[in-house]
Amino acid sequence: MKRVFSGVQPTSQIHIGNYIGAIKRFVELQNDMDCFFCIVDLHSVTVPQNPKELYKNSLQLAALYMAVGLDPSKVTLFIQSHVPAHSELAWLLQCNSYMGELNRMTQFKEKSLGKDTVTTGLYTYPVLMAADILLYDTHFVPVGNDQKQHLELCRDISIRFNKKYGETFIVPEPLISKFGARIMSLDDATNKMSKSNENKHSKINLLDSPSKIKKSIMKAVTDSESEVRFDVENKPGVSNLMTIYNILGDLPLEDIENKYEGLGYGAFKKDLVEIVVSGLEPIQSKYEEILASGEVEKVLKEGADRAREVSNEVLNSVKKKMGFVIL
Ligand code: ATP
Ligand code: LTN
């Protein structure tokens with residue numbers, strides 16, 4: 001069975017961009033592949049975190065993974081910091097990657113822009129991500145479009161390591177959807193929907209109330225026309241809302257255009273509110289059920305046990321190849 005690995009940071013709330021671009025795809029893959037889905041808490045501390053919030057968000061993300069339909073009997077769900085091999089391989093890979101290639105990472109440039117101080121962890125973030133992936137002999141990595149460059153770096157590092165020390169790593173392939181891999185911010189359709197955007201109406205979180213969802217969608221930027229038409233270049237706001245409608249409402253773009261011909265944005269947005277609210281409702285009630293059941297910790301413990309077992313084998317083979325003494 002082919003292996004899949006992906007991770008989401010337990011920072012803030014999970015939004016529909018994370019869901020459509022990544023997590024929804026995890027659910028689709030779980031029946032056909034051996035999947036590892038990680039809560040990447042080590043990545044989240046590359047920028048300042050409130051410890052209490054980090055703790056709460058990590059368990060919340062585990063419950064959400066299950067609420068969207070990931071089945072712990074089929075997939076391995078775990079927290080990155082529970083598996084020390086991630087930090088260990090990250091160090092070994094840091095010694096096999098170059099500042100020149102990290103300097104090119106656009107996410108680092110964006111996240112450090114205008115900051116007085118930036119952690120070295122934020123700089124080496126992509127190498128830890130490469131370690132996450134390579135530790136599990138991963139074939140496929142489902143992610144949103146913003147992670148494309150990090151995946152390319154991971155491939156480069158693995159190919160270079162294999163050349164230098166002999167075949168060690170499987171070179172992973174990104175799985176990035178042709179459609180929906182970059183959901184845009186509701187308040188500015190030129191930027192991606194992002195957890196770190198402080199405007200709460202820029203995004204829809206999976207656990208948002210119906211009234212919050214309604215407000216955010218009704219406020220969402222469109223344009224001065226009134227035609228519901230998919231045209232990313234000239235109508236980025238409307239096209240973004242149509243993408244969400246298409247994926248959560250399961251209606252082809254052409255049918256959406258026909259349905260709202262002559263009706264304007266008001267009717268379209270009103271229906272989109274319904275679609276999003278009813279799409280998130282089952283996730284929200286399952287989430288409450290899972291939290292109440294108290295099974296999250298047990299699932300994470302079992303997940304970490306399996307993850308440790310699989311990753312230790314790869315870590316040991318890397319150490320052997322590099323010449324470390326293993327007793
Ligand atoms: P931030 O923007 O604050 O760094 P984030 O929203 O990107 O955070 P992550 O935990 O870093 O959140 O991302 C989890 C997954 O969601 C990744 O696979 C990422 O590519 C995907 N993703 C993030 N934002 C979007 C988006 N707007 N559209 C589609 N996929 C997204
Ligand atoms: N950098 C990713 C999160 C992440 C990840 C991974 C994704 C960390 N390790 C391994 C896929 C595979 C992000 O979403 N910002």
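Just so you know, ligand 1 is whichever comes first in the structure, and atom 1 is the first atom listed for that ligand. Quick note: numbers below take in every heavy atom, side chains included, and nothing from hydrogens, waters or symmetry partners. Starting from 1, each residue takes its place in the sequence as its number.
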Counting from 1, what ligand 2 atoms have a heavy atom of [X] closer than 4.0 Å?
X: Val141; answer: 11 (C), 12 (C)
X: Gln9; answer: 15 (N)
X: Val143; answer: 7 (C), 11 (C)
X: Ser6; answer: 7 (C), 11 (C), 12 (C)

Assess, by modelled atom type and distance only, whether the side chains of [X] and [Y] contain a donor and an acceptor separated by less than 3.5 Å.
X: Gln80; Y: Asp132; result: yes
X: Ser293; Y: Glu295; result: yes
X: Lys215; Y: Ser211; result: no
X: Asp223; Y: Tyr265; result: yes

Option of least heavy-atom distance to [atom] (set: [options]):
atom: atom 20 (O) of ligand 1; options: Asp146, Asn145, Val143; value: Asp146
atom: atom 9 (P) of ligand 1; options: Lys195, Met193, His43; value: Lys195
atom: atom 12 (C) of ligand 2; options: Thr11, Ile133, Thr46; value: Ile133
atom: atom 13 (C) of ligand 2; options: Lys195, Gln147, Gln80, Met129; value: Gln147
atom: atom 9 (N) of ligand 2; options: Asp132, Asn18, Val4; value: Asp132
atom: atom 24 (N) of ligand 1; options: Glu110, Lys24, Lys192; value: Lys192

Heavy-atom contacts under 4.0 Å between Val8 and ligand 2: side chain, backbone, both, or neither?
-> neither
Could you see which bit of Asp146 sits under 4.0 Å from ligand 2, with heavy atoms only: side chain, backbone, both or neither?
-> neither
Where ligand 1 meets [X] - atom numbers and elements under 4.0 angstrom, heavy-atom basis:
X: Gln147; answer: 20 (O)
X: Gly21; answer: 29 (C), 30 (N)
X: Val8; answer: 10 (O), 14 (C)

For [atom], find the nearest protein heavy atom and state the residue, atom name and distance (0.1 Å precision).
atom: atom 31 (C) of ligand 1; answer: Gly17 O, 3.5 Å
atom: atom 14 (C) of ligand 1; answer: Asn18 ND2, 3.7 Å
atom: atom 1 (P) of ligand 1; answer: Ser194 OG, 3.5 Å
atom: atom 10 (C) of ligand 2; answer: Phe5 CE2, 3.5 Å
atom: atom 15 (C) of ligand 1; answer: Ala22 CB, 3.8 Å
atom: atom 1 (N) of ligand 2; answer: Tyr125 OH, 2.6 Å
atom: atom 4 (C) of ligand 2; answer: Gly7 O, 3.8 Å

Going hydrophobic residue to hydrophobic residue with side-chain gaps under 4.5 angstrom, can you get from Ile247 over to Val277?
-> yes
With a 4.0 Å cut-off, would you call [X] and [Y] a salt bridge?
X: Lys270; Y: Glu274; value: no
X: Glu302; Y: Lys298; value: yes
X: Glu101; Y: Arg160; value: yes

Step by step, work out the side-chain contact (heavy atoms from CB on, under 4.5 Å) result for Met99 and Tyr123.
-> CA-CA 9 Å; Met99 288 177 68; Tyr123 184 65; 3.4 Å; yes
Contact partition for [X] relative to ligand 1, non-hydrogen atoms under 4.0 Å:
X: Gln9; answer: both
X: Lys111; answer: side chain
X: His15; answer: side chain
X: Ala181; answer: backbone
X: Ser196; answer: both

Nearest heavy-atom pair of Leu206 and Gln284: which atoms, and what distance?
-> O-NE2, 2.8 Å
Kindly indicate, with the supporting measurements, whether the criterion side-chain hydrogen bond (donor to acceptor under 3.5 Å, both in side chains) is fulfilled by Ser185 and Asn191.
-> CA-CA 6 Å; Ser185 180; Asn191 280 322; over 6 Å; no
Ligand 1 N/O within reach of Ile183 N/O, cut-off under 3.5 Å | yes
Polar contact flag for Gly144 and ligand 1 (N/O pairs, less than 3.5 Å) = yes
Test side-chain contact (heavy atoms from CB on, under 4.5 Å), reference Phe230, set Thr243, Asn240, Asn246, output is Thr243
Under a 4.5 Å cut-off applied to non-hydrogen side-chain atoms, are Phe78 and Arg306 in contact?
-> no
Evaluate the side-chain proximity of His139 to Met33: yes if any heavy-atom separation is below 4.5 Å, no if none is.
-> no
Sub-6.0 Å ring centroid separation between Phe108 and His150 = no
Which distance, rounded to the nearest 0.5 Å, do you find between the CD1 of Ile14 and the NZ of Lys203?
-> 10.5 Å
If you measure from CD1 on Ile213 to CG on Leu207, what distance do you get to the nearest 0.5 Å?
-> 9.5 Å
